[in-house]
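A quick write-up on the structure given underneath.
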There are 2 protein chains.
Amino acid sequence: MGKNSKFDREEVIDKAINLYWNSGFHGTSMRTLQNEIDMRPGSIYATFGSKEGLFKEALIRYTQLGREQLTECRRKADSPVNALKSFMIERVKLAQKASPTCMCLLVKSVAELTDNNAELLAQARESLKTMESGFEELIIAAQAAGEIDKTKDSQNLARHIQIYFSGIRSYIRVYGDTVPIAEMFDDLFQHHPFTYSSH
Amino acid sequence: MGKNSKFDREEVIDKAINLYWNSGFHGTSMRTLQNEIDMRPGSIYATFGSKEGLFKEALIRYTQLGREQLTECRRKADSPVNALKSFMIERVKLAQKASPTCMCLLVKSVAELTDNNAELLAQARESLKTMESGFEELIIAAQAAGEIDKTKDSQNLARHIQIYFSGIRSYIRVYGDTVPIAEMFDDLFQHHPFTYSSH
DNA sequence: TAATAACTTGAACGATCGTTCAAGACTAGA
DNA sequence: TCTAGTCTTGAACGATCGTTCAAGTTATTA
């Protein structure tokens with residue numbers, strides 16, 4: 001008995017993701033959120049508890065979508081390494097559409113948040129680790145397929161990718177599209193420690 | 001005739017840098033700034049014009065200090081590449097002292113700022129380019145000294161460093177000190193395209 | 001169809017935001 | 001020492017912040 005919600009929860013969170021992605025946690029006001037997701041304060045607070053609560057759900061869903069995209073890339077690509085490459089390219093394209101910063105919402109969040117929002121900071125960290133472990137799975141697959149040297153530590157390589165990926169996206173934020181994005185990702189895998197030919 | 005300011009301008013800006021570094025532009029309130037730099041609103045606004053004005057000066061001074069530190073490292077180190085290495089290590093140490101994020105204030109700023117603060121965003125971008133050109137100067141010196149392959153494009157290598165450096169610092173933000181920082185910087189230079197031995 | 005439970009609404013709250021400005025304090029030149 | 005110019009002070013401003021809650025609406029059940 002009683003009334004059902006008339007809004008679509010995932011749809012609402014997706015809109016929240018885009019807003020937070022654009023302007024960050026502090027830069028996005030509840031008023032803006034209210035207008036954009038078309039909910040009144042009472043409904044928002046009944047559903048998500050607080051601005052922090054909504055942001056946390058946004059982080060979680062953002063991460064889930066990222067993992068799904070990674071899986072999708074693996075399904076489509078003809079090799080694990082190519083799956084990683086296409087994921088990075090697609091992710092940058094998606095980010096450029098959703099947020100002019102082009103940066104990862106999770107990286108933006110660990111950069112912006114402080115201990116004043118400890119739970120959110122912890123969630124963003126956790127999410128980044130989740131993404132990194134997704135990279136590692138693909139690397140292990142690549143090693144099994146003979147694409148990457150089996151003697152290399154997969155965790156180490158995944159770290160390499162995480163670092164370079166976030167670095168590139170910060171770099172794009174500074175230089176915009178003037179920089180050859182695809183080439184930069186190719187570079188990553190053409191170099192040691194991802195190739196046999198090195199050292 | 002008239003009264004002289006009783007505060008030290010550089011000292012004030014340095015304190016502002018630390019506050020912004022910790023909490024970001026939006027996360028640092030004028031009230032907090034007033035207390036920390038021990039100036040009343042009237043004085044701050046007479047001197048810097050606005051919160052944006054103070055932040056811009058902070059960005060500029062932060063960059064200037066960074067360039068000076070780079071020069072200092074070059075003076076002390078026995079080679080240009082070692083100068084780069086020690087700069088990175090020292091910078092991370094400094095950042096860990098000044099800001100628990102350990103990240104670069106400039107990268108944090110391009111991540112946080114939007115077109116609502118276009119002038120600040122432009123300044124942060126400009127400053128990052130300034131730092132990168134400092135890296136390139138050291139690389140050119142390293143090439144002249146035979147430390148790095150002369151046929152490599154110095155601009156490209158500087159980009160590599162910029163990307164990896166900011167990437168590492170984001171990474172440290174996620175994992176804290178559990179990650180072997182010095183090793184990671186060594187890795188950067190042991191790999192192609194910084195070594196002859198690669199490819 | 002009346003009662004009940006679930007959800008929505010939007011005006012309003014206190015707190016805090018960045019900022020202003022009239023008044024006071026101080027210093028240097030006449 | 002007086003005056004004119006410069007800097008400092010801090011109360012106060014309107015705007016906006018995140019949030020609350022009593023009242024209204026809608027759907028389900030008996």
Side-chain angles (χ1 to χ4, degrees), chain A residues 1-13 15-59 109 112-121 123, chain B residues 1-13 15-59 109 112-121 123:
Chain A
M1 61 186 77
K3 194 179 164 186
N4 291 332
S5 299
K6 69 177 182 185
F7 61 86
D8 180 320
R9 191 183 179 94
E10 287 200 346
E11 199 175 298
V12 162
I13 295 178
K15 282 182 183 168
I17 287 177
N18 281 326
L19 289 175
Y20 284 129
W21 206 347
N22 263 293
S23 309
F25 178 69
H26 289 112
T28 308
S29 74
M30 288 306 285
R31 293 266 143 76
T32 305
L33 277 161
Q34 288 160 31
N35 295 335
E36 206 70 25
I37 69 183
D38 195 30
M39 283 174 76
R40 259 38 63 195
S43 285
I44 298 179
Y45 280 83
T47 310
F48 301 105
S50 66
K51 191 187 181 187
E52 281 203 78
L54 177 53
F55 190 75
K56 185 172 181 183
E57 291 227 33
L59 288 178
S109 298
E112 178 187 4
L113 296 171
T114 68
D115 290 339
N116 293 335
N117 305 102
E119 196 179 341
L120 297 182
L121 181 54
Q123 179 61 57
Chain B
M1 59 185 77
K3 196 179 164 188
N4 291 332
S5 299
K6 70 177 180 186
F7 61 86
D8 181 320
R9 191 184 179 93
E10 287 201 345
E11 199 175 298
V12 162
I13 295 178
K15 282 181 183 169
I17 287 178
N18 281 326
L19 289 175
Y20 284 129
W21 206 346
N22 263 294
S23 309
F25 179 68
H26 289 112
T28 308
S29 74
M30 289 304 286
R31 293 265 143 76
T32 305
L33 277 161
Q34 287 160 31
N35 295 336
E36 205 69 24
I37 69 184
D38 195 31
M39 283 174 77
R40 261 36 64 195
S43 286
I44 297 179
Y45 280 83
T47 311
F48 301 103
S50 65
K51 190 188 182 187
E52 282 204 78
L54 177 52
F55 190 75
K56 186 171 181 181
E57 291 228 34
L59 288 178
S109 298
E112 179 187 5
L113 296 170
T114 67
D115 290 338
N116 294 335
N117 305 102
E119 196 179 340
L120 298 182
L121 181 53
Q123 179 60 58

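Below, chain A is the first sequence line, B the second, and so on; all start at residue 1.
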**Request:** Flag the pair R40(A) and D38(A) as a salt bridge only when some basic side-chain nitrogen lies within less than 4.0 angstrom of an acidic carboxylate oxygen.
**Result:** yes
**Request:** Could you state the atom-to-atom distance from CZ of R31(A) to P of dG10(C) in whole Å?
**Result:** 13 Å
**Fill in**
Ranking R40(B) and N4(A) by the position along DNA chain D of their nearest nucleotide, the one closer to 5' is R40(B)
**Request:** Answer yes or no: is there a donor N or O on one side and an acceptor on the other, between the side chain of E57(B) and the main chain of I13(B), under 3.5 Å?
**Result:** no
**Message:** Need one value for T28(B): base, sugar-phosphate or nothing, where a base atom within 4.0 Å counts as base even if backbone is also close, heavy atoms only.
**Reply:** sugar-phosphate
**Request:** Using a 4.0 Å heavy-atom cut-off across all strands, classify Q34(A) as base, sugar-phosphate, or nothing.
**Result:** base
**Message:** In this structure, how many angstroms lie between the C1' atom of dG18(C) and the CG atom of N116(B), rounded?
**Reply:** 15 Å
**Prompt:** How close or far is atom P of dG10(D) from atom CD1 of I44(B), stated in whole angstroms?
**Reply:** 13 Å
**Prompt:** Could you state the CZ-P distance from F7(B) to dT6(D), rounded to the nearest angstrom?
**Reply:** 15 Å
**Message:** Given 3.5 Å as the limit, does a donor-acceptor pair link the side chain of T32(A) with the main chain of T28(A), or not?
**Reply:** no
**Complete:** Rounded to whole Å, OH of Y45(A) lies from P of dA12(C) at a distance of 19 Å
**Asked** Taking CE from M30(B) and P from dT16(D), how many angstroms apart are they, rounded to a whole number?
**Response** 18 Å
**Message:** More than 12 heavy atoms of other residues, nucleotides or ligands under 6.0 Å from CD of Q34(B): yes or no?
**Reply:** yes
**Prompt:** Are S29(A) and dC17(D) close enough that a side-chain N or O sits under 4.0 Å from OP1 or OP2?
**Reply:** yes
**Asked** How would you label the contact of F48(B) with the nucleic acid (heavy atoms, under 4.0 Å): base, sugar-phosphate, or nothing?
**Response** nothing
**Request:** Would you confirm whether E52(A), through its side chain, and L120(A), through its main-chain N or O, come within 3.5 Å as a donor-acceptor pair?
**Result:** no
**Asked** With a non-hydrogen cut-off below 4.0 angstrom, is S43(A) in contact with a base, only sugar-phosphate, or nothing?
**Response** base
**Request:** Using whole Å, report how far NZ of K6(B) lies from P of dT27(C).
**Result:** 10 Å
**Prompt:** Quick one: I37(B) CD1 to dT9(D) P, roughly how many Å, whole number?
**Reply:** 11 Å
**Prompt:** Closest nucleotide of DNA chain D for S5(B) versus for G42(B): which of these residues is on the 5' side?
**Reply:** S5(B)
